[in-house]
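Read the structure below first, then the notes.
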Amino acid sequence: GAGVSQSPRYKVAKRGQDVALRCDPISGHVSLFWYQQALGQGPEFLTYFQNEAQLDKSGLPSDRFFAERPEGSVSTLKIQRTQQEDSAVYLCASSQSGQGARGELFFGEGSRLTVL
Amino acid sequence: GESVGLHLPTLSVQEGDNSIINCAYSNSASDYFIWYKQESGKGPQFIIDIRSNMDKRQGQRVTVLLNKTVKHLSLQIAATQPGDSAVYFCAENISNRDDKIIFGKGTRLHILP
């Protein structure tokens with residue numbers, strides 16, 4: 001596609017529900033990042049993939065968060081047993097470069113998660 | 001620790017004037033810096049980057065200045081336009097350590113008519 005596509009754009013979940021957020025990166029992009037952005041804050045790093053390999057997951061806030069990119073293209077961020085503090089915009093970004101953050105990152109529009 | 005912060009959370013500039021957005025970073029090991037623009041409801045958009053072996057880099061209507069001595073980064077936008085209204089983030093990366101970009105809190109830029 002022309003850009004990074006994320007779905008759903010908006011998700012409302014009841015506390016305790018599981019959610020899955022999808023990211024379609026730009027075709028051929030090697031690196032894929034997930035960020036969490038709370039209201040009025042800058043994006044916070046969650047995890048990073050190079051192709052299908054998850055090279056860094058140091059930003060995942062708890063073991064309720066899980067990300068995968070099994071074929072090195074589409075990625076899914078799963079949050080189990082959602083809590084109110086999980087409410088945020090989840091941003092996905094991809095880069096053509098295999099140098100991680102050192103290539104230009106292209107961000108999707110994000111998935112806004114609201115946990116009631 | 002690793003942190004990227006900004007001096008001013010909100011900046012208002014008259015249309016046509018130049019604007020300067022400032023950023024301080026604390027990690028002297030950071031060697032790659034990026035400015036992003038984020039409009040409401042959208043993801044951040046890359047504006048310009050600079051590596052630590054440079055102190056200035058220019059793009060179209062934008063200039064980034066890096067002062068490693070005082071660990072300060074700035075973004076200058078010339079002849080501001082209404083479309084420049086957005087939140088601007090500076091971000092940093094540390095080479096040979098990891099691939100993640102660390103974002104600051106952001107500055108909201110208002111362009112006044």
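Letters A, B, ... mirror the listed sequences (proteins, then strands); counts begin at 1.
For a heavy-atom cut-off of 4.5 Å, chain B lies close to A:Gly40, A:Gln41, A:Gly42, A:Pro43, A:Phe45 in residues 38-46 of chain A. Using a 4.5 Å heavy-atom cut-off against chain B, the contacting residues of residues 106-116 of chain A are A:Phe107, A:Gly108, A:Glu109.
Side-chain atoms of A:Ser94 do not come within 3.5 Å of backbone N or O of A:Leu32 as any donor-acceptor pair. At least one donor-acceptor pair closer than 3.5 Å links the side chain of B:Asn67 to the backbone N or O of B:Thr69.
Atom CD1 in B:Ile77 sits 12.5 Å away from atom CD in B:Gln60 (nearest 0.5 Å). Here the OG1-CD1 distance, from B:Thr63 to B:Ile50, works out to 10.0 Å after rounding to the nearest 0.5 Å. A distance of 5.0 Å separates OH of A:Tyr35 from CZ of B:Phe103, quoted to the nearest 0.5 Å.
For A:Gln37, the part lying near chain B is the side chain, with the backbone staying farther off; criterion is any non-hydrogen pair under 4.5 Å. Residue contact with chain A, scored on non-hydrogen atoms closer than 4.5 Å, is absent for B:Gln45. For A:Thr47, no part lies near chain B; criterion is any non-hydrogen pair under 4.5 Å.
Using a 4.0 Å cut-off between charged nitrogen and carboxylate oxygen, B:Arg57 and B:Asp49 count as a salt-bridge pair.
In this structure, the side chains of B:Leu75 and B:Phe33 stay at 4.5 Å or more apart for every pair of heavy atoms.
Across every non-hydrogen atom of B:Ala86 and B:Lys37, the tightest pair is CB-CG, 3.6 Å. Across every non-hydrogen atom of B:Ser74 and B:His72, the tightest pair is CB-CE1, 4.0 Å. In terms of heavy atoms, B:Ile48 sits closest to B:Gln58 at CD1-C, 3.9 Å.
For the residue pair A:Arg15 and A:Gln83, a side-chain donor N or O sits within less than 3.5 Å of a side-chain acceptor on the partner.
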